[in-house]
Amino acid sequence: MEEFTKNVVTIIKKIPPGKVMTYGQIAKCAGSPRGARQVVRVLHTMSRKHELPWHRVINAKGEIGLKSEDGYIDQKMMLEGEGIVFLPNSKVDLTIYRYDPPQ
């Protein structure tokens with residue numbers, strides 16, 4: 001496994017319940033500030049294998065990035081189950097819920 005991929009997996013595993021991180025934020029913390037799409041790839045291919053809390057990763061606008069209705073509903077329900085309250089526009093307030101891991 002590449003170093004960046006290892007870092008991404010480690011970072012995602014450490015996102016606590018009730019908090020979220022963005023794809024770009026994870027990429028930057030993992031050492032590749034422009035690697036948000038690679039974070040998506042890691043989530044897609046490794047979430048099940050590494051039991052990643054994939055639902056805690058959203059886009060930089062505070063939105064759920066999944067396009068399928070079922071996936072969107074599943075992710076929203078999991079986040080709400082952890083206490084995250086969505087704004088009326090279906091976004092997460094990143095000033096409240098963003099997790100900033102210690103450096």
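All of these numbers come straight from a predicted model, not from anything done at the bench. Below, each value reflects all heavy atoms present in this structure, side chains not excepted, and no hydrogens, waters or symmetry copies.
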request  = Side-chain contact test, heavy atoms from C-beta onward, threshold under 4.5 Å: evaluate it for P101 versus M21 and give yes or no.
outcome  = yes
request  = Find out whether Q75 and W54 are in side-chain contact, i.e. whether some heavy atom of one side chain is under 4.5 Å from a heavy atom of the other.
outcome  =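 Counting from C-beta outward, Q75 and W54 do come under 4.5 Å.
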query = side-chain contact (heavy atoms from CB on, under 4.5 Å) between F86 and V92: does it pass, once the steps are laid out?
reply = CA-CA 5 Å; F86 282 76; V92 171; 3.5 Å; yes
task = Answer yes if L79 and L87 sit in the same cluster of Ile, Leu, Val, Met, Phe, Trp and Tyr residues linked by side chain heavy atoms under 4.5 Å apart, and no otherwise.
result = no
inquiry  = If hydrophobic clusters are built by linking Ile, Leu, Val, Met, Phe, Trp and Tyr wherever their side-chain heavy atoms come under 4.5 Å apart, do L94 and V85 end up in the same one?
reply    =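 Linked, L94 and V85 end up in one cluster.
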Just distance, no hydrogens or angles: give the donor-acceptor pairs under 3.5 Å from side chains in residues 26-46, sequence neighbours left out.
unit_1	atom_1	unit_2	atom_2	d
T45	OG1	R41	O	2.9

task = Could you note down all residue pairs passing side chain to side chain donor-acceptor pair (under 3.5 Å) where residues 87-100 supplies at least one of them, sequence neighbours left out?
result =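 Passing the test, one end in residues 87-100: Q25-D100, D93-T95.
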request  = Please identify each residue that fulfils salt bridge (charged side-chain N to carboxylate O under 4.0 Å, His left out) with E80, with sequence neighbours left out.
outcome  = none
Give the table of side-chain donor-acceptor pairs shorter than 3.5 Å for residues 56-64, with sequence neighbours excluded, one pair per line with atom names and distance.
unit_1	atom_1	unit_2	atom_2	d
R56	NE	E82	OE1	3.0
R56	NE	E82	OE2	3.2
R56	NH1	I15	O	2.8
R56	NH2	E82	OE2	2.7
N59	OD1	K61	N	2.9
N59	OD1	G62	N	3.3
N59	OD1	E63	N	2.9
N59	ND2	E63	OE1	3.3

ask   = Nearest 0.5 Å, what's the CG-CD distance between D74 and E69?
value =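 Going from CG on D74 over to CD on E69, the span is 10.5 Å.
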query = Does any pair with a residue in residues 5-24 pass salt bridge (Lys or Arg N to Asp or Glu O under 4.0 Å), and if so which ones, sequence neighbours excluded?
reply =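 Sorted result for residues 5-24: empty, none.
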